[in-house]
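Below, chains carry the letters A, B, ... as their sequence lines are ordered, and counting in each starts from 1. Everything numeric here is computed off the predicted structure, so don't read it as measured data.
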There are 2 protein chains.
Amino acid sequence: MARKYIDNPNACSLVHTMNIIGNKWKPIILYLLSNGSMRFGMLNTLIPTISKKVMTNQLKELENDGLLLRQSFAEIPPRVEYSLTEKAVGLLPVLKLLSDWANEAYPEMDFEQCRIMENGKKPAYNNVYKK
Amino acid sequence: MARKYIDNPNACSLVHTMNIIGNKWKPIILYLLSNGSMRFGMLNTLIPTISKKVMTNQLKELENDGLLLRQSFAEIPPRVEYSLTEKAVGLLPVLKLLSDWANEAYPEMDFEQCRIMENGKKPAYNNVYKK
DNA sequence: AATAGTGGTAACCAAAAAGTAACTAATGGC
DNA sequence: GCCATTAGTTACTTTTTGGTTACCACTATT
């Protein structure tokens, strides 16, 4: 699992959720996968500043928490596809609300567009590439 | 602000939200304050495993991010009251959804009751005290 | 004169999270 | 035979976060 927080006496479901997705990269990973399954390498390309080690870690934790499905194909070179589980899909609308909240609460911040699309349209990956 | 994550190219509003509330203690602090303002010492009593330094820090960050109002009274001994801003109040329903999500997605985990009450009832602080 | 009560701060330390660079296995193409 | 390709792993270092202890200011109470 994500974080431990063993000494956090408030072992409630909200703390659990934060332990699972409240970190640097996981919401982005879930976002990217909300449009369908994706290979390890593609995820790494779309989040260029994450290291492979950390990416592996995040994907493992998300898988352990039941948010991701990992499909490994017996090919050479290897191919591994990651996709969202039902659990994760159920979380997407709430993530959307979190993102809506920030847009409303901090209008001055002019965020980049988020990559969860309500309508299944492809996100604008282009601006991910900019240095 | 909470975290920096300057090198996270996905500077979208969801990442921003996570930077603000996605850590060990802040959701709990917001929960506790959802029933009305509270003094520093009371917060510390209700979250007995947090250190004063960290509590101070979290409260400052939440204040800087516009989620908390800090009222200091010129009394001896000092009295400081913290309360939620409108921004924070707008976040509460989403926190509720996050907590609902975990309850549904992980029914086997049997979480403690969360301390955001839909109806303004006082949360059961008792079970916070247990070691 | 000593102590309790409150909301902190400072210096220092430990643990967790993230980052870096080099390395691997297995195969296909040149 | 040599290199590229992919999805990692390993060992190590740095950065970030959280924790501990001692201390302060100011007054009221004992």
Quiz item: Taking protein heavy atoms under 4.0 Å as touching, what does nucleotides 21-30 of chain C look like 5' to 3' if B marks base contact, S marks sugar-phosphate-only contact and - marks none?
Solution: -----BS---
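Nearest to the side-chain atoms of B:Trp25 among the listed nucleotides D:dT9, D:dG18, D:dA7 stands D:dG18.
Using cut-offs of 30° and 60° for the angle between ring planes, the A:Trp101 and A:Tyr106 rings count as perpendicular.
Here D:dT17 presents its C1' atom at 16 Å from CE of B:Met55, a figure rounded to the nearest Å. Remark: P of D:dA4 and CZ of A:Arg79 are 24 Å apart, rounded to the nearest angstrom. For A:Gln58 and D:dA7, the CD to C1' distance is 16 Å, given to the nearest whole Å. Rounded to an integer number of Å, the gap from A:Asn19 CG to C:dA16 P is 13 Å. To the nearest angstrom, P of D:dT6 lies 12 Å from CE of A:Met42. We find that NZ of A:Lys24 is positioned 8 Å from P of D:dT16, with the value rounded to whole Å. Spacing between atom CG of B:Leu43 and atom P of C:dG7 amounts to 10 Å, rounded to whole angstrom units. Rounded to whole angstrom, the span from the CG atom of A:Asn57 across to the P atom of C:dA18 amounts to 8 Å.
Summarising the geometry, atom CG belonging to B:Asn19 is positioned 9.0 Å from atom NZ belonging to B:Lys26; distances are rounded to the nearest 0.5 Å. Taking CG of A:Leu59 as the reference point, atom CZ of A:Arg70 lies at 9.0 Å (rounded to 0.5 Å). Atoms OG1 and CZ, from B:Thr45 and B:Phe40 in turn, are 10.0 Å apart once rounded to the nearest 0.5 Å.
A:Ala88 and A:Leu67 make their closest contact through CB-O, 3.2 Å (heavy atoms, listed as atom of the first residue, atom of the second, distance). In this structure, B:His16 and A:Ala102 approach most closely via the heavy-atom pair CD2-CB, 4.3 Å. When all heavy atoms of B:Gly90 and B:Val94 are compared, the closest pair comes out as O-CG2, 4.2 Å.
Toward the 5′ end of DNA chain D lies the nearest nucleotide of A:Gly41, the other residue of the pair A:Gly41 and B:Ser51 mapping further downstream.
If you check every strand for non-hydrogen atoms under 4.0 Å, B:Tyr82 touches sugar and phosphate atoms only.
OP1 or OP2 of C:dT6 has not a single side-chain nitrogen or oxygen of B:Arg39 nearer than 4.0 Å.
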